[in-house]
Amino acid sequence: MHIDFESSGGYANIKLTYHGNTDTLPEEVANKLIQLVESSRIFDLNEKEVAPGLSGPPDVLHYRLVIHEGNKRISLSFNDITAPNSLHPLLTFLQELAWEQIRKGKSSP
Amino acid sequence: MNNFTKVGSDYECFSTFIPPYVLDNMAKAGIEEAKSTILQSQFFRETRAENSKKMGLLAATVPKGKADVQVYDSENTTVFQKKLVRGQDDPKTNDPAVDNAYDHVNDDRDFLKDEIIGLNSLDNNGMNLICNVHFGKKYNNAFWDGKQITLGDGDGVIFTNFAKSLDVVAHELGHGVVQFTANFEYHHQPGALHEHFADVFGTVVTQWVEKKTAEKAAGKEIEWLQITKKADWLIGDEIMGPELYGEALRCMSEPGAAYDNNILGKDPQPAHMKNIYTGPGDNGGVHINSGIMNKAFYLTAIEIGTDQASRIWYNALRNLWPTAIFKEAVGEIIKAARLLAKDNKVDKEATQRVRTAFREVGLF
Ligand SMILES: [Zn+2]
């Protein structure tokens, strides 16, 4: 499974990115990602239902998430308000992974 | 078939459509009445622009709230108004996030009521001030959603708890004041004005509290200009975590100088129109280009005092409109300075000071 993630905006205006492939990630991380993707039921979401309006509300975080798994692919844009609750644990973990990469100097915001 | 439920065609800065599950969350949180608030505020805006007589009617028909502070605990979920943990005048809870948020929102309300601005809560109609703390898990953010503010705990590494900081709370509530006045669209220059005015509220409320504290300690009144000159003009410095200690997110006196490190990179804010950001990121640079206007506010305040600068800016804000760009804001700010000087509400030379400040950032 391939994951492309980006979060941006917010009070601090920080852009985070994370790209991962569960085939090459450490087993523990890969398993957690697979489990969170599954529990988020992301492939059941409708792109248009979670898409935010053109602007605002002020300071919410904006997210872009693309997931490929076998012949399934989903690409979503949403924000803190439009994201369903089921997605939040996955978002939290992806942000943690992105921050960890930055702290290790592998990527920059 | 479209599953969206239309809540309001221009619900403040809120997206035009809200998916059903978001509405469910709102309903669960007991904010069904948001719909009537939306309609009221929409009416309020249209009325303000078009017909001041109708405004009187609105004031007479909408019941006046008590501007109560209400702090809710999201209990590390993403549910709004999950559990009321401290209402107006309730005792301390011993949860620092709750108690800090409560104190900061109280300070903000008291500042708005003070003679500099003279507002009864964000909407000047006594709306309750609702704050959610412990939102999400390790959530590195704070926001205003059109009705309430929401604060994350931070991850404890990059950011600490957002409730700790008065300038964060006052910034988010500042977005509320903007919503009930100019109601800028949240993109490009109007969006940068949204951010600018929110930063102004953030710093001004902080300075107002510093002034009160200093006066209490000294047992006498202290000149505004003294406070203005001692202020750090930093935004977000109180929430920087251990790995970013000493940094800030924005610097109003020197935009572009708030941070420079391996984790966040370099502060991208310009301090002059010649360096304005024109890319698509950050909704067209709403948190970036606000630096230009922030610098002009700082330059004005250090000449005439933060109190007088705030009075001028707020009067301009009341007359601005959703699509206003920087030049139009400058026009209104200069006009406000002139009118207030004529009424002896700010110094005679305020208009010149404002003009000089905008000249320095390339906006006049
Ligand atoms: Zn903001």
Side-chain angles (χ1 to χ4, degrees), chain A residues 6-17 36 40-41 44-64 76-109, chain B residues 2-4 11-22 25 77-79 135-146 150 155 157-159 162 168 171-172 175 178-179 185-188 190-191 194-195 198 235-236 239 243 249-250 262-265 268 281-284 286-288:
Chain A
E6 183 187 296
S7 73
S8 62
Y11 175 80
N13 184 32
I14 292 166
K15 190 169 162 184
L16 294 176
T17 55
L36 287 171
S40 72
R41 299 192 304 276
D44 298 337
L45 292 175
N46 181 327
E47 209 179 302
K48 286 180 190 155
E49 281 186 20
V50 297
L54 275 182
S55 65
D59 296 335
V60 292
L61 292 173
H62 291 263
Y63 306 93
R64 269 179 46 77
L76 299 172
S77 290
F78 47 91
N79 66 28
D80 284 318
I81 303 287
T82 65
N85 284 338
S86 62
L87 259 187
H88 283 281
L90 175 63
L91 299 177
T92 302
F93 189 52
L94 288 168
Q95 286 172 92
E96 265 175 43
L97 292 172
W99 278 118
E100 207 176 286
Q101 273 192 344
I102 290 170
R103 292 210 306 279
K104 286 180 183 163
K106 286 183 187 162
S107 166
S108 62
Chain B
N2 177 339
N3 285 326
F4 291 91
Y11 175 24
E12 329 310 346
C13 299
F14 215 88
S15 49
T16 310
F17 293 93
I18 300 181
Y21 50 80
V22 176
N25 286 347
T77 69
T78 47
V79 177
F135 179 82
K137 286 196 178 78
K138 297 183 183 176
Y139 182 63
N140 275 333
N141 196 28
F143 61 87
W144 161 260
D145 68 5
T150 295
D155 59 7
V157 180
I158 307 294
F159 294 112
F162 282 65
V168 170
H171 173 105
E172 296 310 330
H175 279 303
V178 172
Q179 176 183 303
E185 291 176 2
Y186 199 63
H187 60 88
H188 300 92
H194 219 311
E195 281 305 323
I235 301 286
I239 51 160
E243 291 200 11
L249 290 173
R250 291 183 279 280
N262 293 336
I263 294 175
L264 298 181
D282 184 32
N283 272 353
V286 297
H287 295 89
I288 301 173

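Quick caveat, the model's predicted, so the values are computed rather than measured. Residue numbering restarts at 1 for every chain, and letters A, B, ... go by the order of the sequence lines. Basis for what follows: all heavy atoms, side chains included, without hydrogens, waters or symmetry-related copies.
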* Pair B:Phe159 and A:Tyr11, ring centroids less than 6.0 Å apart -> no
* Would you confirm whether A:Ser40, through its side chain, and A:Leu87, through its main-chain N or O, come within 3.5 Å as a donor-acceptor pair? => no
* Structure fact -> The interface call for B:Lys138 against chain A, heavy-atom contacts under 4.5 Å, is side chain
* Structure fact -> So, the part of B:Val168 with a heavy atom under 4.5 Å from chain A: the answer is both
* Contact check, side chains of A:Thr92 and A:Leu36, non-hydrogen atoms, under 4.5 Å -> no
* **Top contributor to chain B contacts, counting heavy-atom pairs under 4.5 Å, from A:Ser7, A:Pro89, A:Ala12** => A:Ala12
* Please flag which part of A:Gln95 lies under 4.5 Å from any non-hydrogen atom of chain B: side chain, backbone, both or neither. => neither
* To do: Using atom types as modelled and distance alone, determine if a side-chain donor or acceptor of B:Tyr186 lies under 3.5 Å from a backbone N or O of A:Asp59.
  => yes
